[in-house]
2 protein chains.
Amino acid sequence: MSVSKENFIKTIYKLQQGVGQNTRPGTIAAALGISNAAATDMARKLAARGLINYVKYQPVTLTESGRLMALDVLRKHRLWEAFLFEVFGLSMHEIHREAELLEHQTSVFLAEKIDAFLNNPTTDPHGDPIPATDGSVVFSNKNLILSEAPAGATYYVSRLAGSEEEFFDFCRDNKIAIGAQLTVGNRYNAGQTTEIVIEDTKLLLNTDFTNLIYVKQNQ
Amino acid sequence: MSVSKENFIKTIYKLQQGVGQNTRPGTIAAALGISNAAATDMARKLAARGLINYVKYQPVTLTESGRLMALDVLRKHRLWEAFLFEVFGLSMHEIHREAELLEHQTSVFLAEKIDAFLNNPTTDPHGDPIPATDGSVVFSNKNLILSEAPAGATYYVSRLAGSEEEFFDFCRDNKIAIGAQLTVGNRYNAGQTTEIVIEDTKLLLNTDFTNLIYVKQNQ
DNA sequence: CCTTATTATTAAGTATGCTTAAAAATAGAA
DNA sequence: TTCTATTTTTAAGCATACTTAATAATAAGG
Ligand SMILES: [Mn+2]
Ligand SMILES: [Mn+2]
Ligand SMILES: [Mn+2]
Ligand SMILES: [Mn+2]
């Protein structure tokens with residue numbers, strides 16, 4: 001497996017998990033910063049290897065072995081993020097940036113060492129679950145996506161699912177951090193905009209951010 | 001810079017430093033496990049980028065910017081080795097194996113973090129000097145190569161410059177570790193074989209190993 | 001339902017980093 | 001010095017991962 005193939009498969013997995021997203025070639029291409037033609041090309045190659053299901057003009061899906069491969073990369077990514085956060089104190093964006101590279105050059109052997117050193121963490125610093133070696137992932141069933149969390153209630157931030165520096169900068173500047181308390185207010189613009197109150201500040205957030213923020217009722 | 005280019009340049013640096021070695025295309029090719037044709041090809045490409053001096057049928061040499069590039073990779077390699085040894089307790093061979101991959105995906109930013117975490121170490125666990133960010137390297141002027149260390153004297157092992165698992169297994173099995181004490185005995189086979197006594201055991205070593213082991217008079 | 005805009009696919013081409021095979025140059029031995 | 005063995009180079013070719021441009025299919029709006 002090459003870096004390109006690993007990133008491609010991981011992107012499919014993440015798009016398929018993400019809210020309001022699809023796994024069509026163009027979407028994958030945009031996420032990876034490559035042309036649509038290159039994405040179609042890669043889709044055919046990975047289908048030939050039995051890692052994805054590809055039917056012309058259809059969204060692609062991962063096969064079981066493709067899913068396991070995605071989870072292997074994601075496990076390494078999130079273990080590195082947890083490690084860089086705990087040990088070196090890097091920021092939310094820095095851990096992601098470095099893990100994006102290290103994930104492809106990490107043996108299963110080394111991943112186990114990191115895992116043991118951190119006492120087998122279940123989530124990374126963004127609140128994302130860390131898949132186990134066998135590919136099992138435990139999703140918190142208490143997480144609510146902020147774009148859909150019932151209004152009028154108070155929540156704790158439980159997951160920041162973005163990856164762009166801009167997103168993390170915004171969260172940091174507005175005290176949106178894992179464990180922070182916020183209240184959901186009115187919805188505007190046909191539910192596209194969510195009003196929240198955090199640290200006595202009122203914010204109006206659009207779905208491009210509220211689809212990346214998860215909250216839960218209790219800490 | 002690609003992984004292939006970084007490894008190529010690093011190999012030239014190491015061959016040029018090593019005892020009884022040269023930097024001819026065939027030697028580089030053998031070290032990297034590629035064909036002579038591929039090595040010639042790469043030599044021309046790197047020369048075009050001003051990283052090496054290449055004249056047909058001649059050994060290649062690094063330019064100043066090539067040397068700095070080699071030292072940058074070597075710095076990352078050795079910082080990772082020191083880190084994996086200290087923090088995860090990996091063996092001499094395991095640290096090398098993992099560092100060989102990680103060295104290419106490590107930002108200068110991350111290298112600085114590792115360096116600071118380890119309190120700016122000057123040598124890695126093999127006794128090799130860790131180049132500074134500016135490319136300066138401090139070589140111990142007290143190190144003697146075991147193949148040439150005067151007979152009859154007692155020394156401390158100061159550097160194990162190999163990279164093969166077989167070499168490190170041999171060293172471990174025979175108590176040849178950094179700081180271990182040994183005495184140099186007779187030389188045989190026109191100096192190709194060195195007799196040493198370590199932990200009351202007599203060993204006869206050939207130059208393929210004694211060119212990789214360095215010792216010094218005082219600890 | 002038809003037209004148009006968007007998206008996907010195919011085709012052709014490029015750079016990288018390899019390969020093997022053949023030719024050329026160099027090095028070593030007699 | 002001359003022959004031979006070794007090494008290096010050149011040539012041709014291949015796989016990967018991209019590109020742009022042209023074509024085909026699908027999706028969306030009027
Ligand atoms: Mn991440
Ligand atoms: Mn990546
Ligand atoms: Mn090493
Ligand atoms: Mn390497």
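- With hydrogens and angles disregarded, a donor-acceptor distance shorter than 3.5 Å links the side chain of A:Asp124 to the backbone of A:Gly127.
- Pairs engaging residues 131-149 of chain A under the side chain to side chain donor-acceptor pair (under 3.5 Å) rule: A:Arg75-A:Thr133, A:Glu112-A:Thr133, A:Asp134-A:Ser136, A:Asn143-A:Ser158, A:Ser147-A:Asn211 [sequence neighbours left out].
- Listed by residue number, the members of residues 11-27 of chain A with any heavy atom below 4.0 angstrom from DNA chain C are A:Arg24, A:Pro25, A:Gly26.
- Of all nucleotides in DNA chain C, those with any atom nearer than 4.0 Å to a heavy atom of chain B start and finish, going 5' to 3', at C:dT16 to C:dT26.
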side-chain contact (heavy atoms from CB on, under 4.5 Å) between B:Ile196 and B:Thr194, intermediate numbers included | CA-CA 6 Å; B:Ile196 70 168; B:Thr194 298; 4.0 Å; yes

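- Of the N and O atoms on the side chains of B:His96 and B:His126, not one donor lies less than 3.5 Å from an acceptor on the other residue.
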Worked verdict on A:Lys10 versus A:Glu103 for salt bridge (Lys or Arg N to Asp or Glu O under 4.0 Å) | CA-CA 11 Å; A:Lys10 197 182 68 165; A:Glu103 63 186 359; 2.9 Å; yes

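- In this structure, the ring of B:Tyr214 has its center no less than 6.0 angstrom from the ring center of B:Phe139.
- In terms of the side chain to side chain donor-acceptor pair (under 3.5 Å) criterion, A:Lys113 has no residue partners (sequence neighbours excluded).
- In this structure, A:Tyr54 reaches the sugar-phosphate backbone alone: every heavy-atom distance under 4.0 Å involves primed, P, OP1 or OP2 atoms, never a base.
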Footprint string (nucleotides 13-23 of chain D, 5' to 3'): B base within contact, S backbone only, - free, heavy atoms under 4.0 Å | ---SBSBB---

Without placing hydrogens or testing angles, list every side-chain donor-acceptor pair under 3.5 Å for residues 37-55 of chain B, not counting sequence neighbours.
| residue | atom | partner | partner atom | Å |
| --- | --- | --- | --- | --- |
| B:Thr40 | OG1 | B:Asn36 | O | 3.2 |
| B:Asn53 | OD1 | B:Thr61 | OG1 | 3.0 |

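- Here A:Phe209 and A:Phe168 keep their ring centres 6.0 angstrom or further from each other.
- Remark: A:Glu164 CD is loosely packed, at most 12 non-hydrogen atoms of other residues, nucleotides or ligands lying under 6.0 Å away.
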